[in-house]
Amino acid sequence: MTAVSFNPVRKPVIALVNIDAPVFQLIADCQFNDFSLLYFENGIELSKQWESRKLPVAAIISQSEILGSSGISLFQTLINKRFPYVPFFIITDHPTEILLRIALQSGITDVFSPAVKADALKKRVEFMSINWKTIHKSSNIHKLRVYKTPIATRIFDILVASVALIILSPVLLLIIIALKLEHKGPFLYYSLRVGTSYNVFKFYKFRSMYVNADKKIKDIRHLNQYANKLAKVSTSDEPALCNECRVLGTVCRFNLYADNNVWCEKQYRLSGMGNGNAAFFKLKNDPRVTTIGKILRNTSMDELPQLVNVLIGNMSIVGNRPLPLYEAEKLTVDKHAIRFMAPAGITGLWQVVKRGKGDMSEEERLLLDNEYAQNHSFLNDLRLICKTIPALFQKENV
């Protein structure tokens, strides 16, 4: 669905991003007579149109999880790309207290549920849009209070990553040769991961699985150690659409992502793919792993390319593990969202405390992530590093 205007773009624009049918009707009922309404499928389409057409955007209304791709993440991306700072409103089904606090501290203007009355939404959006210059000048909200890596930690990360890459260069070369001899696929791969403040970045690892292993997930999901019971999964590789998506068009607005696979989130839940609501996906003795890959995983040497992520600044040496998008999506609506308010790291609390010491439930891992987020410091990170080496040589093949 391309950008649609109720009125010619002669007036200030209220940009509507990722809006479903009921909320679309709610906004139409507001009768924003002093504004033009433009619809955009996602943030990428908004930024392209905004820049190319020089749109006079006065406000943005986005329907998304607060920590979702069209929520805080989109807002921060627009700010980082130096688009004009305008009121940004989120409409979400899950406006919990902690997420509301995170949203407002990050610079989001306001958050509504889909049950908001049209009159209340209209008054709030119009007031903030019309008076934004005055409000903006007298407020410090626009100074985003998101996590920033302390200087000591950043210097430490750069020094450790640089020295490690230099010292390990012969080992890295041997690993590359071994991987190329074992299979014809690329020795390095990246997947999109969610890190600090829900920022999405390219996460690098040595390939430990056969090529196209992500396409086999549907065949082995019942082996997921975090799932509570078997999941009934569609055998189709094609992304399914829920009824609401079909009404709005052929592009799903509630996507879940796993590398190159995409599913409609609503269809995902209805089909039983999300049975047990397990947020993490991990297997023991994963049949997709190569022989060299097993060695790399057991020694954690498959993680070595993440030293490049550390140099770039996407990660730290110590922190909560960055998550695949489809896992992170399930942690944005409850108390576990706080895990994203800490560094994303190569090693962290849960690896040291639990890895290789028997099965760990999803709840235990989430609690450890939250504990780290609430108590992390440079000195605590140094202590975790000292405890990491024994955890590297663990016997459990996970």
Side-chain angles (χ1 to χ4, degrees), residues 72-73 76-77 79-82 106 143-176 179 186-208 296-297 299-325 328 338-353 355 368-393:
I72 291 177
S73 180
Q76 292 178 341
T77 298
I79 295 296
N80 292 337
K81 291 185 176 181
R82 300 188 181 281
S106 298
K143 298 178 180 178
L144 302 182
R145 291 175 284 176
V146 297
Y147 174 84
K148 293 184 178 179
T149 305
I151 295 178
T153 300
R154 183 60 185 146
I155 293 174
F156 176 80
D157 287 341
I158 293 174
L159 288 176
V160 171
S162 300
V163 172
L165 285 172
I166 294 173
I167 294 176
L168 295 173
S169 56
V171 177
L172 298 176
L173 181 59
L174 289 176
I175 292 175
I176 293 172
L179 290 173
F187 63 85
L188 197 67
Y189 84 99
Y190 76 83
S191 60
L192 295 180
R193 296 293 177 97
V194 178
T196 307
S197 299
Y198 212 85
N199 289 324
V200 179
F201 65 93
K202 293 181 179 179
F203 177 86
Y204 296 100
K205 294 184 73 172
F206 279 126
R207 180 173 289 278
S208 60
L296 294 179
R297 286 187 167 203
T299 58
S300 292
M301 287 192 292
D302 62 322
E303 312 280 355
L304 291 178
Q306 289 158 42
L307 292 168
V308 176
N309 285 118
V310 175
L311 286 179
I312 294 173
N314 295 323
M315 296 174 61
S316 291
I317 297 297
V318 181
N320 285 332
R321 291 298 288 168
L323 300 178
L325 300 184
I338 195 172
R339 76 174 308 282
F340 297 110
M341 296 296 106
I346 293 178
T347 187
L349 182 60
W350 81 266
Q351 291 96 325
V352 172
V353 173
R355 192 174 187 183
L368 288 172
D369 285 350
N370 275 7
E371 180 181 339
Y372 176 78
Q374 293 169 327
N375 301 297
H376 73 276
S377 68
F378 181 60
L379 290 179
N380 285 337
D381 286 351
L382 291 180
R383 294 189 186 100
L384 286 175
I385 290 174
C386 293
K387 296 178 181 179
T388 296
I389 296 177
L392 294 180
F393 300 96

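Bear in mind that the values here come from a model prediction, so they are computed numbers and not experimental data.
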Measuring only between side-chain heavy atoms, which start at C-beta, is [X] closer than 4.5 Å to [Y]?
X	Y	answer
Leu304	Ile175	yes
Asp381	Phe156	no
Leu307	Ile346	yes
Phe201	Pro322	yes
Ile385	Val318	yes
Leu323	Phe203	no
Pro343	Thr153	no

>> Check this for me: Leu173, atom CG, are more than 12 non-hydrogen atoms of other residues, nucleotides or ligands nearer than 6.0 Å?
In response: yes

Closest non-hydrogen atom pair between [X] and [Y], with its separation:
X	Y	result
Ala342	Thr196	O-OG1, 3.0 Å
Asp157	Met315	OD2-O, 4.3 Å
Thr77	Ser73	OG1-O, 2.8 Å
Met301	Val171	SD-CG1, 4.2 Å

> Sequence neighbours excluded, which residues qualify as side-chain contact (heavy atoms from CB on, under 4.5 Å) partners of Gln374?
Replying inline: Ile338

> For Leu311, which residues count as a side-chain contact (heavy atoms from CB on, under 4.5 Å) partner, sequence neighbours excluded?
Replying inline: Ile158, Ala161, Ser162, Leu165

If I take atom [atom1] from residue [X] and atom [atom2] from residue [Y], how far apart are they, to the nearest 0.5 angstrom?
X	Y	atom1	atom2	value
Leu384	Ile317	CG	CD1	12.5 Å
Leu174	Leu179	CG	CG	11.0 Å
Asn320	Glu371	CG	CD	10.5 Å
Asp302	Lys205	CG	NZ	4.5 Å
Leu296	Arg207	CG	CZ	12.5 Å

> Between Arg321 (side chain) and Asp369 (backbone), is there a donor-acceptor pair under 3.5 Å?
Replying inline: no

>> Parallel, tilted or perpendicular: which one describes the rings of Phe187 and Phe206, with boundaries at 30° and 60°?
In response: tilted

> Quick one: salt bridge (Lys or Arg N to Asp or Glu O under 4.0 Å) pairs with a partner in residues 187-196, sequence neighbours left out?
Replying inline: none

